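Structure first, commentary second.
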Protein chains: 2
Amino acid sequence: MSVPSQKHDVFQAIADPTRRQVLKLLGEQELPVTVISGHFPMSRTAVSKHLRILADAGLVKERKVGRETRYRLEAEPLMELKRWLSYYERYWENKLNVLKRFVESDDEEGGNPFSALELIDPKDTNK
Amino acid sequence: MSVPSQKHDVFQAIADPTRRQVLKLLGEQELPVTVISGHFPMSRTAVSKHLRILADAGLVKERKVGRETRYRLEAEPLMELKRWLSYYERYWENKLNVLKRFVESDDEEGGNPFSALELIDPKDTNK
DNA sequence: TTGACATGAAACCATTTGGTTTCGTATAAT
DNA sequence: ATTATACGAAACCAAATGGTTTCATGTCAA
């Protein structure tokens, strides 16, 4: 199959802050486990497990070089996230448009943009 | 406080598939808990807990209407995700980066460019 | 050859997570 | 006034998660 059966998906993989930091580190350059774990207040083994989860999600690739295993970022699976996100973009673009129209308009009687943006809890004004 | 102290962050909130489905449902329209839970093979209480987590992350807002609590999508916190993602976009936006990184590397120990280029699946060109 | 280094696997542990059932309370309907 | 509906809180539970320490193996260096 072209689609590897992933034990961990991208959403779950990036849920952990440590793993997001690891990805960022690997964005700079390919690195072996020991160097990576040097950046974290936990054991090398713990970092190694995070790397396994990232690898399961396809977000890092390993390469053996002598006695070390170097990991590098593989950003492609993040496209799934991007696609997912794009569905919701209209929701906040909508809100930005509301604000934009207010700012560009001279009409002060068209209502308060903040209530339109739902930044004000309706319950505050109703009860 | 204008900034809600979030017990759950966005990354963790969207890690669960059920919660992502809930968000999608609420994208259509504001809905009460019972209706939402009707779409899932679990108890209303379980869904209610998912809604609490989404609310903690700021992704849904509640509104009391009579004896029901209606939930609606609040997409704005997803902007944090978008910002995070944007950092990684350069990695897939230009597929030549793969080759570029090889050319710029001083790696003496192997890692030929062809194996690196296998990362690009020819069948992916339609995606 | 011997010793040091790099790493993953395994066993273990505490906490978190995702679910359940039960119960109390507020609101709506008869 | 009584009953039914909508909901969250609480107590509970199994499994997953994120960490640890220990051990075995492969590789490099002296």
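Everything numeric in this text was worked out from a predicted model, so none of it was measured. Side chains included, hydrogens not; waters and symmetry mates left out as well; all remaining heavy atoms used.
Here Gln12(A) contributes atom CD and Asp56(A) contributes atom CG; the two are 9.5 Å apart, rounded to the nearest 0.5 Å. Taken from CG in Leu59(B) to CG in Leu51(B), the straight-line distance is 11.0 Å, to the nearest 0.5 Å.
Between the CZ atom of Arg63(B) and the P atom of dT27(C) there is a distance of 16 Å, given to the nearest Å. Rounded to whole Å, the distance from CG on Leu31(B) to C1' on dA6(D) is 14 Å. Between the CD1 atom of Ile36(B) and the C1' atom of dA6(D) there is a distance of 12 Å, rounded to whole Å. Atoms CG (Leu51(A)) and C1' (dT7(C)) sit 11 Å apart, rounded to a whole Å. Atom CD in Glu62(B) sits roughly 17 Å away from atom P in dA6(D) (whole-Å rounding). Between Arg70(B) atom CZ and dT27(C) atom C1' there is a gap of 14 Å when expressed in whole angstrom units.
Note on Tyr71(A): a side-chain N or O is less than 4.0 Å away from OP1 or OP2 of dG8(C).
Across Pro77(A) and Gly58(A), no two heavy atoms sit closer than the pair CG-O, 3.2 Å. Listed here is the closest heavy atom pair of Glu62(A) and Tyr71(A): CG-CE2, 3.3 Å.
Listed by residue number, the members of residues 20-29 of chain B with any heavy atom below 4.0 angstrom from DNA chain D form an empty set.
Scored by the side-chain hydrogen bond (donor to acceptor under 3.5 Å, both in side chains) test, Gln29(A) finds no partners at all (sequence neighbours excluded). Residues passing the side-chain hydrogen bond (donor to acceptor under 3.5 Å, both in side chains) test with Glu68(B) are Arg70(B), sequence neighbours excluded.
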Between protein and nucleotides 18-27 of chain D, what N or O pairs are separated by less than 3.5 Å?
residue	atom	partner	partner atom	Å
dG18(D)	OP1	Asp16(A)	OD1	3.3
dG18(D)	OP2	Arg19(A)	NH1	3.1
dG19(D)	OP2	His50(A)	NE2	2.3
dG19(D)	N7	Lys49(A)	NZ	3.0
dG19(D)	O6	Lys49(A)	NZ	2.4
dT20(D)	OP1	Ser43(A)	N	3.4
dT20(D)	OP2	Ser43(A)	N	2.9
dT20(D)	OP2	Ser43(A)	OG	2.6

Under 3.5 Å, which donor-acceptor pairs do the side chains of residues 20-27 of chain A form with other protein atoms, sequence neighbours left out?
residue	atom	partner	partner atom	Å
Arg20(A)	NH1	Ile14(A)	O	2.7
Arg20(A)	NH1	Ala15(A)	O	3.1

Listing, residues 39-50 of chain A side-chain donor-acceptor contacts under 3.5 Å, not counting sequence neighbours, or none:
residue	atom	partner	partner atom	Å
His39(A)	ND1	Val35(A)	O	3.0
Ser43(A)	OG	Ala46(A)	N	3.1
His50(A)	ND1	Arg19(A)	NH1	3.1

